[in-house]
Amino acid sequence: MTPVYQTKYGVPFGNCVPACVASLLDRKIEDVDVDVASCRDSLRALLTKIEEKANCKIYVMSHEAIVDRIVKTSERYCFVEVCTCVFNQEPFGRGSTWHVVVCEIGDNGRLSLVFNPDQHDARKDSLDQFPAIGKLFIVKANPAT
């Protein structure tokens with residue numbers, strides 16, 4: 001895993017997701033980055049575009065599936081949705097700001113923050129620094145053809 005910083009910022013069209021995927025695949029951001037704005041707030045559309053460009057598969061699940069050991073994976077790293085700004089005291093409500101960070105999956109299913117692709121964000125030490133955690137994403141490179 002080689003940390004790759006995002007190169008575009010802004011709500012809602014930064015490129016933190018491509019940066020995390022590039023980090024997990026040990027690639028440059030240019031090899032993974034897509035036009036996030038063209039996905040129109042559709043996570044599925046964004047992930048599909050990234051999968052096509054990076055020749056990979058991205059699996060999505062709740063973070064509880066890993067933490068509670070419902071799902072086990074051989075992958076050591078993943079990326080996780082984190083809430084960076086809560087709106088109306090409801091992190092999962094409309095208006096809250098979400099971001100993704102790279103985490104390590106411990107043997108016990110515990111998630112540890114490894115890398116925040118936003119180099120301007122001071123939250124770099126722990127997932128506890130974020131008000132909420134959302135989905136978890138496992139990235140696997142497709143076999144070379």
Side-chain angles (χ1 to χ4, degrees), residues 1-86 91-94 96-145:
M1 197 279 305
T2 305
V4 174
Y5 288 105
Q6 67 188 88
T7 56
K8 299 172 190 154
Y9 298 87
V11 176
F13 303 122
N15 64 346
C16 58
V17 173
C20 284
V21 173
S23 297
L24 295 173
L25 294 174
D26 289 317
R27 300 203 187 140
K28 296 181 282 188
I29 188 89
E30 298 83 23
D31 297 336
V32 176
D33 203 8
V34 296
D35 181 9
V36 176
S38 70
C39 298
R40 299 183 180 230
D41 291 334
S42 169
L43 178 61
R44 177 53 24 217
L46 174 61
L47 296 179
T48 298
K49 283 186 175 196
I50 292 172
E51 286 174 334
E52 289 170 1
K53 183 161 186 183
N55 191 27
C56 69
K57 179 68 180 155
I58 303 171
Y59 300 91
V60 184
M61 64 197 76
S62 71
H63 77 278
E64 292 93 352
I66 294 289
V67 173
D68 294 342
R69 309 293 286 155
I70 296 165
V71 174
K72 293 183 181 180
T73 179
S74 60
E75 296 301 310
R76 181 174 174 197
Y77 298 103
C78 63
F79 68 97
V80 177
E81 265 183 331
V82 291
C83 182
T84 58
C85 181
V86 176
F92 293 98
R94 190 159 192 84
S96 292
T97 305
W98 288 82
H99 177 57
V100 293
V101 295
V102 174
C103 292
E104 183 173 15
I105 304 169
D107 291 335
N108 60 357
R110 187 167 192 272
L111 297 173
S112 302
L113 178 63
V114 173
F115 173 69
N116 184 341
D118 182 352
Q119 59 190 333
H120 307 295
D121 191 335
R123 294 170 285 202
K124 299 183 187 313
D125 300 323
S126 169
L127 286 174
D128 295 334
Q129 294 174 295
F130 298 96
I133 300 173
K135 296 177 189 75
L136 181 140
F137 305 82
I138 302 284
V139 179
K140 291 189 178 247
N142 291 331
T145 55

Report task. Dump the intermediate steps for side-chain contact (heavy atoms from CB on, under 4.5 Å) on Gln6 and His99, then the final yes or no. Result -> CA-CA 11 Å; Gln6 67 188 88; His99 177 57; 3.2 Å; yes

Report task. Could you go through the side-chain contact (heavy atoms from CB on, under 4.5 Å) check for Lys8 and Val36 one step at a time? Result -> CA-CA 10 Å; Lys8 299 172 190 154; Val36 176; over 6 Å; no

Report task. Could you check Tyr77 against Val139 for side-chain contact (heavy atoms from CB on, under 4.5 Å), going step by step and ending with a plain yes or no? Result -> CA-CA 8 Å; Tyr77 298 103; Val139 179; over 6 Å; no

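The backbone N or O of Val101 sits nowhere less than 3.5 Å from a side-chain atom of Asn116 that would complete a donor-acceptor pair. Looking only at distances, no side-chain donor or acceptor of Ser23 sits under 3.5 Å from a matching main-chain atom of Met1.
In the displayed structure, Asn108 atom CG is contacted under 6.0 Å by more than 12 heavy atoms of other residues, nucleotides or ligands.
Between Leu25 and Ala54, the closest heavy-atom pair is CD1-CB, 4.0 Å. Nearest heavy atom pair, residue Pro3 against residue Phe115, reads CB-CE1, 3.2 Å. Nearest heavy atom pair, residue Ala22 against residue Lys28, reads CB-O, 3.9 Å. Counting all heavy atoms, side chain and backbone alike, Asn142 lies closest to Cys56 at ND2-N, 3.4 Å. Of all the heavy atoms in Leu113 and Val102, the pair that sits closest is CD1-O, 3.6 Å. Of all heavy-atom pairs spanning Tyr5 and Ile29, the tightest one is O-CD1, 4.4 Å.
For Arg44, the side chain to side chain contact (heavy atoms under 4.5 Å, CB included) partners two or more places apart in sequence, or in a different chain, are Ser42, Leu47, Thr48, Glu51, Val60. Partners of Glu104 according to the salt bridge (charged side-chain N to carboxylate O under 4.0 Å, His left out) rule, which considers only residues two or more places apart in sequence or in another chain, are Arg76.
Of the inter-residue distances, the one linking Leu46 atom CG with Ile58 atom CD1 reads 7.5 Å to the nearest 0.5 angstrom. How far SG of Cys103 is from CD1 of Ile133: 7.0 Å, rounded to the nearest 0.5 Å. The distance from atom CD1 of Ile105 to atom CD1 of Ile138, rounded to the nearest 0.5 Å, is 4.0 Å. In this structure, NZ on Lys53 lies 10.0 Å from CG on Asp35, to the nearest 0.5 angstrom. Note: Leu43 CG to Lys135 NZ = 6.0 Å, rounded to the nearest 0.5 Å. With rounding to the nearest 0.5 angstrom, the CG atom of Asp33 is 4.5 Å from the CG atom of Asn15.
Residues Lys49 and Pro18 form no side-chain contact, since every pair of their non-hydrogen atoms from C-beta on lies 4.5 Å or further apart. In this structure, the side chains of Thr84 and Asp118 stay at 4.5 Å or more apart for every pair of heavy atoms. Between Phe137 and Cys78, every side-chain heavy-atom pair lies at or beyond the 4.5 Å cut-off.
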Side-chain donor/acceptor pairs under 3.5 Å, residues 125-132, sequence neighbours excluded:
| unit_1 | atom_1 | unit_2 | atom_2 | d |
| --- | --- | --- | --- | --- |
| Ser126 | OG | Asp128 | N | 3.0 |
| Gln129 | OE1 | Lys124 | N | 3.3 |
| Gln129 | OE1 | Asp125 | N | 2.9 |
| Gln129 | OE1 | Ser126 | N | 3.0 |

